[in-house]
Amino acid sequence: MAAVSATSVCFRALLKPAFKTNETSYLNVASLGMARNRFPALRTSRFRVSCAAKLETVNKVCEIVRKQLALPPETDLTPESKFSSLGADSLDTVEIVMGLEEEFGISVEEESSQNITTVQEAADLIEKLVQKKEA
Amino acid sequence: MNPLLRSAMIPMNTLCFQRNFAACSRALVPVQLPSRSETHLWYVVPDEVKSASLLGQYSKILSPCEKEYISCVRGERLKKTALLARVLVRTTIARYQTNGQVDPSSLKFRKNIHGKPELEWDENDHGSPPPIHFNISHTASLIACGVTVNSPIGIDLEEKDRKIKNNIVSFARRYFTAHEVEMLSSIPDPETQRQHFIKLWTLKEAYVKALGKGFSALPFSTFTIRSRNSSRNCQSRDLSDSSSSDAEIVVESVDGSSSLMNSWQFTLLELAGTHFAAICVESDGSIGGRVFTPRKVTARKTIPFVEDEFHPGTDAVVLGGL
């Protein structure tokens, strides 16, 4: 019983955002109940939930990036903006990550920092970590 | 074939090379490879490169991939830095003409699994590969390329005046080791502390880049970089060299397993008066015993194809210890 409810809770939590994915194999695993409350697919970087992170999150990330890189107001900053294309070096990226950690109360492992190359990727990771924290 | 050409016996690749750069006053000045205990450091000051036609010439030597990357960079200043960085690498390596005259645009590069650029060499076309190792770093106002022979190298630059947005000790607690936090916390003057932080960051970056790994693959909290006073050995030390102290910069693993780490040599410099530069090189172990012999660094300022400058003792000042 416990296993069933745990599975359904996790499943629901993942459906909460607008859920667009081509990874149907993940859904099959979940419906078989094999995954319990562990969804290996979540851990692989191959499986990317391409749902839109909350706009609020994206905006906060943009604000932190703008401040760190001292971007002039006219610089166009979109979710797809690559930090390196905006002139961020490795120290800037780490400072940005630290700013995000403080803002959202999360902890980003150093190993993940290579996956944060755009505003969108940062926002997606934040959402994932915040959800994990609240789960 | 043009009879003039045949009689002049000019190799075709040289002609092509010179034709592309007819507008420049000189070709690349060739140099000898550094010795095994030496590092060459070439640097460009982007603000001193102003000619639009020169920048146009530079674009021509890039690969299609490199041109594409630069087209994605936002803003003219950043595009120029990205262009100059690629040009510096290509022209620097081409100077070391180990296999006859090398056209910088013919060089091929690849990245290792962590993204570190390496020279890709086709032995069938060009004979055995040159034993060159290189690494590049840049800020908005300086671009540098370090070159060694037979030793992996990592370099990092930071502007001396760079401001840290986060609290320095908080940052160090989050990303550095306990020893380094203690060291930074013990510095009472904020400005000195900030400078020490920058130097430490460049050294740590240079180390992970020399290893070919980068920040994500080798978190900064797993190793400490610090100064170690080496014992005085009057016979081998250059006592007339008053600019370096007894301090040697060393790296140690946090878990105490430091046996492999004695092979990494660090040099910390002030470059062009505006930057701290850290160089990390794997020593080949032929430097005997535990006598600390600072590695020789030869720094040259360049505007590729236009001019090279060498001001020993002024443009690159080695800072003894951290």
Pairwise distance [atom1]([X]) to [atom2]([Y]) - rounded to 0.5 angstrom:
X: A:Leu91; Y: B:Glu158; atom1: CG; atom2: CD; result: 5.5 Å
X: A:Leu69; Y: B:Lys165; atom1: CG; atom2: NZ; result: 8.0 Å
X: A:Glu110; Y: B:Ser221; atom1: CD; atom2: OG; result: 5.0 Å
X: B:Ser216; Y: A:Glu111; atom1: OG; atom2: CD; result: 8.0 Å

Should we say atom [atom1] of [X] is surrounded by more than 12 heavy atoms from elsewhere, each under 6.0 Å from it?
X: B:Glu191; atom1: CD; value: yes
X: B:Glu120; atom1: CD; value: yes
X: B:Lys163; atom1: NZ; value: yes

Which bit of A:Lys82 comes within less than 4.5 Å of chain B, counting heavy atoms only: side chain, backbone, both or neither? neither

In terms of heavy-atom proximity below 4.5 Å to chain B, should A:Ser112 be classed as side chain, backbone, both, or neither? neither

Less than 4.5 Å to any heavy atom of chain A: does that hold for the side chain of [X], its backbone, both, or neither?
X: B:Lys79; value: neither
X: B:Ile164; value: both
X: B:Thr139; value: neither

Evaluate the side-chain proximity of B:Glu205 to A:Ser90: yes if any heavy-atom separation is below 4.5 Å, no if none is. yes

B:Phe171 side chain near A:Met98 side chain, heavy-atom distance below 4.5 Å: yes

Backbone N or O of A:Leu77 within a donor-acceptor pair of the B:Arg74 side chain at under 3.5 Å? no

If you tally heavy-atom pairs under 4.5 Å between each of B:Ala140, B:Pro219, B:Cys72 and chain A, the highest tally belongs to B:Pro219

Looking only at heavy atoms, which two atoms of B:Arg162 and A:Asp89 are closest? And how far apart? NH1-OD2, 2.8 Å

Looking at B:Asn166 and A:Glu95, what are the two nearest heavy atoms and their distance? ND2-OE1, 2.8 Å

